[in-house]
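Single-structure report; data block below.
What you see is a predicted model, and the numbers here were worked out from it, not measured in a lab. Numbers for residues simply follow the sequence, beginning at 1.
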Amino acid sequence: MEPSQRKKKNLFAATPIVVLLVILTAEMASVEGNTCRHLSGSYRGWCLNDYGCQHTCFNENFENNFSGECHDFPPRCYCYSTDCPP
């Protein structure tokens, strides 16, 4: 097999993978575009457990907060919300 034919086969095999990655990246950007992160107003102390942080975020605003995670040092509880300021 000639080198030019091998290159064409490799390019043909890689094209669907590249297209799939572009589609997935665009989809993730559209999902993350409507969310924001804010410091929890009621979590006290160092945030050592994401589950506890998430529970606190749900209690703060069940309708808009959909997750909570520990970040920074010292670790603090951040809530993820769909209610973002403009």
Side-chain angles (χ1 to χ4, degrees):
M1 187 179 290
E2 292 181 28
S4 64
Q5 288 178 335
R6 263 189 242 144
K7 286 181 183 178
K8 286 181 182 178
K9 278 189 173 183
N10 288 342
L11 181 62
F12 183 74
T15 301
I17 295 170
V18 171
V19 170
L20 182 62
L21 288 173
V22 169
I23 291 171
L24 289 175
T25 304
E27 183 67 26
M28 287 176 60
S30 68
V31 169
E32 293 177 2
N34 296 331
T35 64
C36 53
R37 182 178 86 162
H38 59 90
L39 191 59
S40 169
S42 60
Y43 194 91
R44 298 291 174 243
W46 285 12
C47 185
L48 303 176
N49 182 345
D50 285 341
Y51 178 76
C53 175
Q54 186 173 21
H55 184 73
T56 301
C57 290
F58 287 153
N59 287 338
E60 283 182 13
N61 189 342
F62 184 75
E63 292 179 13
N64 295 320
N65 290 345
F66 62 88
S67 184
E69 293 179 351
C70 303
H71 291 284
D72 294 337
F73 185 81
R76 299 183 295 174
C77 176
Y78 285 90
C79 300
Y80 292 87
S81 176
T82 57
D83 185 27
C84 303

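- With rounding to the nearest 0.5 angstrom, the CG atom of N64 is 8.5 Å from the NE2 atom of H38.
- Remark: Q54 pairs with F58, S67 by the side-chain contact (heavy atoms from CB on, under 4.5 Å) rule, at least two apart or across chains.
- One distance of note links CG of L39 with SG of C57; it measures 9.0 Å at 0.5 Å rounding.
- With sequence neighbours left out, the side-chain contact (heavy atoms from CB on, under 4.5 Å) criterion links N59 to H55.
- A pairwise comparison of heavy atoms in L48 and Y43 identifies N-OH, 4.0 Å as the closest pair.
- Note: Y80 and F66 have tilted aromatic rings, judged against thresholds of 30 and 60 degrees for the angle between ring planes.
- The SG atoms of C53 and C70 do not lie less than 2.5 Å from each other.
- Applying the side-chain contact (heavy atoms from CB on, under 4.5 Å) test to N49 and every residue at least two apart in sequence or in another chain returns Y51.
- If you take CZ on R76 and OG on S40, they are separated by 11.0 Å, rounding to the nearest 0.5 Å.
- The CD atom of E60 lies 10.0 Å from the OG atom of S81; values are rounded to the nearest 0.5 Å.
- Distance check: N65 CG to T56 OG1 gives 10.5 Å after rounding to the nearest 0.5 Å.
- The closest side-chain heavy-atom distance from E63 to D83 is not below 4.5 Å.
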